[in-house]
Asks: 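There's a structure below that I have some questions on.
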Protein chains: 2
Amino acid sequence: MQRIEHHTSHDGHQEVWQHTSATLNCEMKFAVYLPPAALQGKKCPVLYWLSGLTCTEQNFITKAGAQGYAAEHGIIVVAPDTSPRGDDVANDAAYDLGQGAGFYLNATQPPWAQHYCMHDYVVEELPALIEANFPASDARAISGHSMGGHGALTIALRNPGRYRSVSAFSPIVAPSQAPWGEKAFSAYLGNDREAWKQYDAVELVKTATERLPLLVDQGGADEFLANQLKPELLRDACRAANHPLRLNIREGYDHSYYFIASFIGEHFAHHARALA
Amino acid sequence: MQRIEHHTSHDGHQEVWQHTSATLNCEMKFAVYLPPAALQGKKCPVLYWLSGLTCTEQNFITKAGAQGYAAEHGIIVVAPDTSPRGDDVANDAAYDLGQGAGFYLNATQPPWAQHYCMHDYVVEELPALIEANFPASDARAISGHSMGGHGALTIALRNPGRYRSVSAFSPIVAPSQAPWGEKAFSAYLGNDREAWKQYDAVELVKTATERLPLLVDQGGADEFLANQLKPELLRDACRAANHPLRLNIREGYDHSYYFIASFIGEHFAHHARALA
């Protein structure tokens with residue numbers, strides 16, 4: 001494991017590391033923010049941030065303005081890349097399939113199955129690495145944006161007991177009912193839609209055994225709202241299953257990091273309460 | 001004048017506009033953040049932000065985390081591009097000369113003089129445009145980073161009465177004594193070093209008629225500190241001229257936007273006091 005970036009930020013350290021992932025069978029980068037408390041040797045809880053389509057480990061750390069809140073609350077923030085990477089890793093020319101579009105699942109279909117296991121990487125390998133190499137406790141939270149919001153919701157719902165809190169910005173709440181998800185799931189998981197349900201938040205809510213409250217912020221002027229994101233499907237599913245959801249529709253806000261940066265402080269407060 | 005970007009951010013609007021600049025003789029872009037107070041029709045003071053080498057109007061608005069502070073204090077923030085632009089505009093293959101490297105001066109030498117008049121653009125044309133087209137008062141402040149920190153300091157010192165406050169991050173305080181400045185000034189202003197003094201903060205402090213306090217933040221781990229930035233030259237010049245300077249050396253911080261984002265809130269507080 002090799003450190004490839006190091007910056008002081010809000011009296012903590014914003015770093016980027018590279019390592020060989022056994023789960024993904026390739027070299028991976030992840031970003032980690034160590035708040036001042038961690039630099040003083042205190043074991044800190046960890047928020048995992050999952051980014052959206054086309055993103056890398058860079059987008060969140062450069063654009064979200066999260067470090068100030070992480071410093072204030074004493075939370076380590078880990079932001080992995082959004083897919084396996086490399087010349088030997090299957091890819092597609094489209095922005096919404098292949099590298100940069102891992103969808104936080106374990107692919108079962110060729111040629112994807114060999115590397116595309118982002119679910120297990122985020123849930124197992126990465127936390128083990130973080131908790132072994134940084135002053136991190138095993139108190140974990142998870143959040144993300146768009147494809148990464150889908151990742152955060154589904155990973156929290158699939159893995160009861162593993163996360164103290166979950167939130168999402170502009171998530172793809174029902175990939176089985178959205179063009180992005182239908183395309184990606186067909187490729188990664190095949191055409192049996194039964195297999196898709198394990199990675200669909202609206203489906204997972206129906207059978208969730210843990211009542212972990214879902215916090216979702218969604219921009220009302222998001223260009224993908226009606227066609228891809230469909231938060232009303234999550235609202236209806238949570239109502240039917242009596243699953244706690246706080247859904248904030250933020251009028252005027254779009255799909256960009258300007259939206260995330262405007263409300264990331266509220267999400268940190270949400271996670272800090274659960275992680276305390 | 002045409003709006004080419006519009007995002008809601010911290011209950012205000014982050015926009016990017018394009019216009020034909022008479023001063024620069026080309027099409028230019030600038031970013032403007034309108035805080036909630038401005039959207040409610042209140043005339044707001046304006047902070048001009050000047051970015052560094054290689055930057056455009058995008059860097060500050062995506063990476064500095066400034067919008068929350070601008071919203072809180074009710075300050076409009078205007079971030080112009082860093083040079084004239086276009087296929088017809090003289091350029092150089094190096095990152096530190098030509099497009100992206102305007103140095104906020106009025107060039108006198110060919111081939112630069114035809115377009116490179118960033119001083120007059122920032123001081124005259126852009127504020128006239130802003131004050132005519134947005135709910136902006138004529139209370140102005142100016143700040144910037146690196147080459148833009150040089151720009152902010154020299155523009156404030158050259159134009160007494162025009163700015164209520166000035167600050168800079170990691171400024172090139174004495175371009176006449178730094179490789180970046182010597183290269184750029186030789187090209188834009190010619191080899192007569194007397195002519196350089198009008199764009200050199202350390203020289204301008206010696207004859208400043210207005211005692212506008214200078215706020216400067218400088219990272220102690222900045223990779224350009226000893227060779228290009230040399231804040232001690234400004235400290236010594238301000239002491240000799242009895243010019244008020246607050247110079248904060250921030251240990252561990254580098255030249256990046258992680259540094260700016262860590263202290264931009266303090267700079268907004270500084271400007272807000274002067275603009276109130």
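A note on names: the letters A, B, ... follow the listed sequences, proteins ahead of strands, and every chain is numbered from 1.
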Asks: Can you name the one residue among A/Y258, A/Y257, A/F259 that meets side-chain contact (heavy atoms from CB on, under 4.5 Å) with B/S9?
Replies: A/Y258

Asks: With sequence neighbours excluded, what pairs up with A/I130 under the side-chain contact (heavy atoms from CB on, under 4.5 Å) test?
Replies: A/F30, A/V46, A/Y48, A/V78, A/L126, A/F134, A/A136

Asks: Give, for atom CD of A/E251 and atom CG of B/D11, the distance between the pair rounded to the nearest 0.5 Å.
Replies: 11.5 Å

Asks: Would you indicate whether A/R246, at its atom CZ, is surrounded by more than 12 heavy atoms from other residues, nucleotides or ligands within a distance under 6.0 Å?
Replies: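 It does not: A/R246 CZ has 12 such atoms or fewer within range.
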
Asks: Given heavy-atom pairs under 4.5 angstrom as the criterion, report whether the side chain, backbone, both or neither of A/H6 touches chain B.
Replies: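 Only the backbone of A/H6 comes within 4.5 Å of chain B.
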
Asks: Could you state the interatomic distance from CG (B/D254) to CD (A/E5), rounded to the nearest 0.5 Å?
Replies: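 Here the interatomic distance stands at 9.5 Å.
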
Asks: What part of B/S256 is in contact with chain A, defined as an atom under 4.5 angstrom from a non-hydrogen atom: side chain, backbone, both or neither?
Replies: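 Answer is side chain: those atoms of B/S256 sit under 4.5 Å from chain A.
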
Asks: Look up atom NE2 in A/H7 and atom OG in B/S262, then write down how far apart they are to the nearest 0.5 Å.
Replies: 11.0 Å

Asks: Given the options A/G65, A/G252, A/G219, which has more heavy-atom pairs under 4.5 Å with chain B than any of the others?
Replies: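 Answer, by heavy-atom pair count under 4.5 Å with chain B: A/G252.
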
